[in-house]
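Before any comments, here is the structure.
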Amino acid sequence: MAHQPDPRVPQGGLSHVRGLTDGALSSSTVHALLSDAARRWPARDAAVFVEQGLRFSWQQLHDEVEAAAAGLWALGVRRGDRVGIWSPNRAEWLLTQFATARIGAILVNVNPAYRLSELEYALNKSGVSLLVTAAAFKSSNYLGLLQNLGVGQPGGANRLPALRSVVRMGDEPTAGMRNWHELMSAGRTALGALPAQSVLGCRDAINIQFTSGTTGAPKGATLTHHNIVNNAIAVAGCMRLAENDALCIPVPLYHCFGMVLGVLACVASGAKMVFPGEGFEPRATLAAVEAEACTALHGVPTMFIAELDHPEFALFALRTLRTGIMAGAPCP
């Protein structure tokens with residue numbers, strides 16, 4: 001029997017292997033996606049950070065992103081510059097993700113578990129010129145590690161030559177660094193200086209993520225708006241997410257699981273993002289699912305096992321859950 005060509009795939013000329021073409025790929029940028037969400041669902045909940053006690057509507061999130069972007073712009077960050085984010089799951093991570101996308105800077109995801117040599121390698125390899133950092137996470141003293149690399153140390157050896165500015169979270173002052181609230185305050189007074197969104201294109205690079213480095217030094221993978229926006233739209237479609245959904249995101253933001261399959265999938269669909277804490281804790285995750293009536297939950301198998309094995313599991317009302325993603329390892 002003669003082979004019959006697939007009528008869905010154009011015949012002749014140059015081609016590449018691809019899946020179904022029922023819907024056209026989006027040419028939206030990351031910030032255009034957020035702006036559209038703010039326009040469509042301005043008063044609906046967009047993001048909840050349980051541990052920080054913060055809640056944003058889509059309009060509030062959009063406005064905070066504009067202020068953060070203006071603050072970065074005032075510090076000299078421009079299109080194509082590398083901006084690192086070294087932090088667990090906090091509101092500042094989310095705002096930095098969209099603020100960099102607003103001005104066309106490339107977000108560099110830094111693993112919260114990095115030690116000194118890994119941090120030095122990733123920041124230098126990607127040419128990070130501004131770093132947004134938490135003060136500490138678990139056993140890691142982020143500020144101390146940065147000072148060991150010469151940040152804010154007059155006369156010391158500067159092992160991060162491309163790094164011009166560091167913005168730290170929290171209210172305590174640190175030599176050679178600005179505080180996050182200073183960035184936001186400067187941005188609120190400089191909103192008029194932001195360039196028009198139309199100067200950005202979907203094919204522009206917007207994100208650098210590093211591989212695990214299990215067989216050598218981590219490799220930086222550069223992603224475009226087109227990559228991650230369409231990934232998010234496809235995932236949101238597979239989960240049938242809509243504006244009345246709420247997705248619990250205990251997985252880390254520095255990885256595509258949290259940043260794209262979590263955050264951007266919600267932005268593409270209008271679903272509420274719920275972050276139980278800075279790092280994974282099974283009881284906090286179960287409590288967040290119940291309190292926010294989450295309809296979706298992300299995790300790796302060890303997370304789901306820890307939740308199921310928690311001694312208080314039966315006490316939580318989880319009947320709102322209907323979907324989610326389990327990834328990262330085989331499911332037992």
Side-chain angles (χ1 to χ4, degrees), residues 19-50 54-65 89 91 93-95 97-98 101-102 197 202 206-207 223 225-253 255-276 285-300 303-304 307 316-327:
L20 297 178
T21 56
D22 295 338
L25 292 176
S26 172
S27 59
S28 176
T29 62
V30 169
H31 191 74
L33 202 68
L34 176 62
S35 296
D36 186 57
R39 178 186 60 79
R40 296 174 67 186
W41 310 291
R44 294 189 71 92
D45 281 346
V48 179
F49 290 85
V50 177
L54 296 174
R55 183 180 298 267
F56 302 96
S57 69
W58 286 109
Q59 188 61 57
Q60 288 170 335
L61 179 60
H62 180 273
D63 293 346
E64 289 293 286
V65 166
N89 289 7
W93 209 112
L94 191 69
L95 295 176
Q97 176 184 353
F98 287 104
R102 169 68 175 86
Q197 295 180 42
C202 71
I206 196 60
N207 184 220
L223 305 173
H225 293 270
H226 197 252
N227 294 145
I228 60 179
V229 166
N230 282 289
N231 192 2
I233 291 172
V235 166
C238 287
M239 291 195 292
R240 302 192 306 278
L241 289 181
E243 66 270 20
N244 56 349
D245 281 304
L247 171 60
C248 186
I249 309 174
V251 296
L253 282 169
H255 191 276
C256 265
F257 201 173
M259 174 189 155
V260 180
L261 309 189
V263 170
L264 289 183
C266 287
V267 179
S269 61
K272 176 174 63 175
M273 304 170 243
V274 178
F275 300 93
T285 301
L286 294 168
V289 169
E290 178 182 58
E292 298 296 331
C294 291
T295 56
L297 174 62
H298 283 354
V300 298
M303 289 180 173
F304 285 105
E307 291 154 12
F316 293 97
L318 309 174
R319 294 185 178 274
T320 54
L321 284 174
R322 66 168 183 81
T323 190
I325 296 175
M326 182 185 292

> Parallel under 30°, tilted from 30 to 60°, perpendicular over 60°: which one fits the rings of Phe49 and Phe275?
Replying inline: parallel
> Can you name the closest pair of heavy atoms from Ser28 and Val229 and give their distance?
Replying inline: O-CG2, 3.8 Å
Residues 230-240, side-chain donor-acceptor partners within the protein, below 3.5 Å, at least two apart:
{"residue": "Asn230", "atom": "OD1", "partner": "Ser26", "partner atom": "N", "Å": "2.7"}
{"residue": "Asn230", "atom": "ND2", "partner": "Ser26", "partner atom": "O", "Å": "3.0"}
{"residue": "Asn230", "atom": "ND2", "partner": "His226", "partner atom": "O", "Å": "2.9"}

>> With rounding to the nearest 0.5 angstrom, report the SG to CG distance, Cys202 to Leu33.
In response: 12.0 Å
>> For a 4.5 angstrom cut-off between non-hydrogen side-chain atoms, does Met259 reach Ile228?
In response: yes
>> A side-chain contact here means heavy atoms from C-beta on lying under 4.5 Å apart; do Phe56 and Leu94 qualify?
In response: no
> Are Pro276 and Val289 close enough that some pair of their side-chain heavy atoms sits under 4.5 Å apart?
Replying inline: no
> CH2 of Trp58 to NZ of Lys272: how many Å apart, nearest 0.5 Å?
Replying inline: 11.5 Å
>> So that I know where these two stand, are Phe257 and His298 an aromatic pair - ring centroids less than 6.0 Å apart?
In response: yes
>> For Asp45, give me all partners under side chain to side chain donor-acceptor pair (under 3.5 Å), at least two apart in sequence or on another chain.
In response: Arg55
> Does a side-chain heavy-atom distance below 4.5 Å link Met273 with Leu247?
Replying inline: no
> Distance-only, no hydrogens or angles: does the Asn89 side chain make a donor-acceptor pair with backbone N or O of Val251 under 3.5 Å?
Replying inline: yes
> Looking at side-chain heavy atoms only, is the closest gap between Leu95 and Leu61 below 4.5 Å?
Replying inline: yes
> Which value, rounded to the nearest 0.5 Å, describes the distance between Asn244 atom CG and Ser269 atom OG?
Replying inline: 9.5 Å
> Hey, are the side chains of Phe98 and Leu264 touching, using non-hydrogen atoms and a 4.5 Å cut-off?
Replying inline: yes
> Step by step, would you call Thr285 with Leu297 a side-chain contact (heavy atoms from CB on, under 4.5 Å)?
Replying inline: CA-CA 9 Å; Thr285 301; Leu297 174 62; 3.8 Å; yes
> Closest approach of Ala246 and Glu292, non-hydrogen atoms and distance?
Replying inline: CB-O, 4.0 Å
> Which atom names give the shortest non-hydrogen contact between Cys294 and Cys248, and what distance separates them?
Replying inline: SG-CB, 3.8 Å
> Looking at side-chain heavy atoms only, is the closest gap between Asn207 and Gln97 below 4.5 Å?
Replying inline: no
> Okay, side chain of Thr295, backbone of Asp245: is any donor-acceptor separation there less than 3.5 Å?
Replying inline: no
>> Counting C-beta onward and ignoring hydrogens, is there a side-chain heavy-atom pair between His31 and His62 closer than 4.5 Å?
In response: yes
> Taking atom OG of Ser57 and atom CZ of Arg44, what is their separation to the nearest 0.5 Å?
Replying inline: 11.5 Å
> If you take all heavy atoms of Trp41 and Gly270, which pair is closest and at what distance?
Replying inline: CZ3-CA, 3.2 Å
>> Would the distance check show the side chain of Glu290 and the main-chain N or O of Ala317 forming a donor-acceptor pair, the cut-off being under 3.5 Å?
In response: yes
